Amino acid sequence: MLPFLPQNRPIWTGVLTVCTVVGALVITLAVSLALIPLVVGVGALLVWLALALILGWAGIELLAALERWFENDPRFQQ
């Protein structure tokens, strides 16, 4: 071993490994919790967009049906 590097004793290596694993778990949990609102927000935005498109399509169909009714109903014939 190189003389200028300190030698790691097994107990310190174990403690360092445990601390590294705990730190990785904490960071992973924090990133996961930070991403949850983003994923939910994007999902809600997609749902609102789909609902707006469906509502727009339904409105156009309603106006077309109303136009057909106006054209075919004898009460509106002059």
Side-chain angles (χ1 to χ4, degrees):
M1 182 166 245
L2 298 173
F4 56 86
L5 290 178
Q7 292 188 1
N8 288 333
R9 295 189 178 125
I11 186 76
W12 295 118
T13 303
V15 169
L16 182 62
T17 304
V18 168
C19 289
T20 303
V21 169
V22 169
L25 289 174
V26 168
I27 289 173
T28 303
L29 180 66
V31 168
S32 298
L33 289 176
L35 288 178
I36 288 172
L38 180 66
V39 171
V40 170
V42 168
L45 180 65
L46 290 175
V47 167
W48 278 99
L49 179 62
L51 289 175
L53 289 174
I54 291 171
L55 186 61
W57 173 73
I60 291 170
E61 290 293 325
L62 176 68
L63 289 175
L66 192 62
E67 182 184 12
R68 287 190 300 271
W69 179 56
F70 284 158
E71 290 175 351
N72 296 330
D73 196 324
R75 292 178 288 183
F76 298 109
Q77 302 290 329
Q78 295 260 354

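The shown structure was predicted, so the numbers you read here are calculated from the model rather than taken from an experiment.
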#### Entry: All pairs passing salt bridge (Lys or Arg N to Asp or Glu O under 4.0 Å) where residues 42-70 contributes a residue, at least two apart
none

### Task
Could you list all the ring pair (Phe, Tyr, Trp, His ring centres under 6.0 Å) pairs where at least one residue sits in residues 49-72, not counting sequence neighbours?
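Checked against ring pair (Phe, Tyr, Trp, His ring centres under 6.0 Å) - neighbours excluded - the pairs reaching residues 49-72 are W69-F76, F70-F76.
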
### Task
Could you work out the complete set of other residues in the hydrophobic cluster of L55, with links drawn between I, L, V, M, F, W and Y side chains under 4.5 Å apart?
none

### Query
Does atom CG of L62 have more than 12 heavy-atom neighbours, drawn from other residues, nucleotides or ligands, at distances under 6.0 Å?
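Counting other residues, nucleotides and ligands, CG of L62 exceeds 12 neighbours.
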
Run the side-chain donor-acceptor check on residues 15-37: report pairs under 3.5 Å with partners two or more places apart or on a different chain.
from	atom 1	to	atom 2	distance (Å)
T17	OG1	T13	O	2.7
T20	OG1	L16	O	2.7
T28	OG1	A24	O	2.7
S32	OG	T28	O	2.8

Taking distance alone, no hydrogens or angles, what donor-acceptor pairs closer than 3.5 Å link side-chain atoms of residues 43-54 to residues at least two apart or in another chain?
none

